[in-house]
Engineer: 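Okay, handing you the structure first.
Labels below follow one simple rule: chain letters A, B, ... track the order of the sequence lines, proteins then strands, and each chain is numbered from 1.
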There are 2 protein chains.
Amino acid sequence: MKTIDIFKALSNETRLNILLWLKEPEKHFPAQGAHIPKGVSFVGGVCVGDIQEKAGLSQSTVSSYLNMMQKAELLESFRYGQWTYYRRNEASIQALAEEIRTHL
Amino acid sequence: MKTIDIFKALSNETRLNILLWLKEPEKHFPAQGAHIPKGVSFVGGVCVGDIQEKAGLSQSTVSSYLNMMQKAELLESFRYGQWTYYRRNEASIQALAEEIRTHL
DNA sequence: TTGACATATCGGGAATTCTAGATATAAAAT
DNA sequence: ATTTTATATCTAGAATTCCCGATATGTCAA
């Protein structure tokens, strides 16, 4: 993924907030994980509906924001049944910090 | 300066390139510094005209891009006579990397 | 297999960003 | 003083982004 697409993904207040909320999912999404069954773990993942409610934007908007952030590798997703869970891609976020530190 | 304004400044290819060009001014702007007199030093600074030529965009566009990047604290400027020199604000760029590493 | 629910995708109007040309300002040279 | 040069600001059209409602897709339950 190109660095500039990461910056584009980060240059919107809602998308930036989503990334920050997902840093402490249990704090910002109290009902998180309710649909993940035993044996399946996707720690830190929050479903689209919960993120949408918190963001206060339409379902379609939030869905495409999440998709955009995943393409930029800021998030990763896991589908369980009819739910899609998103969580931060920590490795990629740290790689961005390192990229800025050394090459920007 | 708000982090989001930094990301907005970085989410344009030309502006991103300007920042990268200024990392090695002598390489990308061979004629750089020609107007800085003895006793005045603004190491790494390049005047607007040189940056404009390299970018291949209009003078007004480049001028406002540079202004925007300075407001975001990615650049700093120094005026000498009719020339304005811009250079990277390294401290601020490193602060961004650190901000991403620890708080994003 | 039908209905309900979660998410994704499509189409479009509103808002913002991109970028140029025209003009203003400010300093230097004549 | 006038002209030239470098940069900044203003105005505006084109391009892009924002964000919604409508619709499609996929999954689960009855």
Engineer: Mind calculating the distance between CZ (A:F78) and C1' (D:dG26) to the nearest angstrom?
Structural biologist: 15 Å

Engineer: Quick one, give me the B/S/- string for nucleotides 22-30 of chain C, reading 5' to 3', where B means a protein heavy atom under 4.0 Å from the base and S means that only happens at the primed atoms, P, OP1 or OP2.
Structural biologist: B---SBS--

Engineer: Give the rounded distance in Å between these two atoms: CG of A:D50 and P of C:dC5.
Structural biologist: 16 Å

Engineer: Looking across every strand, which nucleic acid part, if any, lies under 4.0 Å from A:S63 by heavy atom: base, sugar-phosphate, or nothing?
Structural biologist: base

Engineer: What's the CD-C1' distance between A:E13 and C:dT17, to the nearest Å?
Structural biologist: 17 Å

Engineer: Please identify each residue that fulfils salt bridge (Lys or Arg N to Asp or Glu O under 4.0 Å) with B:E73, with sequence neighbours left out.
Structural biologist: none

Engineer: What's the spacing between B:F7 CZ and B:I100 CD1 if we round to 0.5 Å?
Structural biologist: 4.0 Å

Engineer: Does NZ belonging to B:K71 count more than 12 external heavy atoms closer than 6.0 Å?
Structural biologist: no

Engineer: Output a table of donor-acceptor pairs, distance under 3.5 Å, between side-chain atoms of residues 52-59 of chain B and any protein atom two or more places apart or on a different chain; print 'none' if there are none.
Structural biologist:
from: B:Q52; atom 1: NE2; to: B:L57; atom 2: O; distance (Å): 3.1
from: B:S58; atom 1: OG; to: B:S60; atom 2: OG; distance (Å): 3.2
from: B:S58; atom 1: OG; to: B:T61; atom 2: N; distance (Å): 3.2
from: B:S58; atom 1: OG; to: B:T61; atom 2: OG1; distance (Å): 2.9

Engineer: Could you go through nucleotides 14-18 of chain D and list every protein N or O atom that sits under 3.5 Å from one of its N or O atoms, giving the distance for each pair?
Structural biologist:
from: D:dC18; atom 1: OP1; to: A:R15; atom 2: NH2; distance (Å): 3.2
from: D:dC18; atom 1: OP2; to: A:R15; atom 2: NH1; distance (Å): 3.2
from: D:dC18; atom 1: OP2; to: A:R15; atom 2: NH2; distance (Å): 3.4

Engineer: Could you tell me how far apart A:Q70 (CD) and C:dT9 (P) are, to the nearest whole angstrom?
Structural biologist: 10 Å

Engineer: Please determine whether residues B:I18 and B:M68 belong to a single hydrophobic cluster, defined as Ile, Leu, Val, Met, Phe, Trp and Tyr linked transitively by side-chain heavy-atom distances below 4.5 Å.
Structural biologist: no

Engineer: When the ring planes of B:F78 and B:Y85 are compared, do they come out parallel, tilted or perpendicular, using 30° and 60° as the limits?
Structural biologist: tilted

Engineer: Please list all pairs meeting side-chain hydrogen bond (donor to acceptor under 3.5 Å, both in side chains) that have one or both residues in residues 6-15 of chain A, counting only residues at least two apart or in different chains.
Structural biologist: none

Engineer: Just the rounded figure in Å: distance from P of C:dC18 to CG of B:N17.
Structural biologist: 14 Å

Engineer: Atom CG of A:L57 to atom P of C:dT7: distance rounded to whole Å?
Structural biologist: 16 Å

Engineer: Relative to the ring of A:H28, is the ring of A:W21 parallel (under 30°), tilted (30 to 60°) or perpendicular (over 60°)?
Structural biologist: tilted

Engineer: Any salt bridge (Lys or Arg N to Asp or Glu O under 4.0 Å) pairs touching residues 88-104 of chain A, not counting sequence neighbours?
Structural biologist: A:R88-A:E90, A:E98-A:R101

Engineer: Please report, rounded to the nearest Å, how far the P atom of D:dA6 is from the OH atom of B:Y86.
Structural biologist: 16 Å

Engineer: Tell me the interatomic distance from A:E53, atom CD, to C:dA6, atom P, rounded to whole angstroms.
Structural biologist: 11 Å

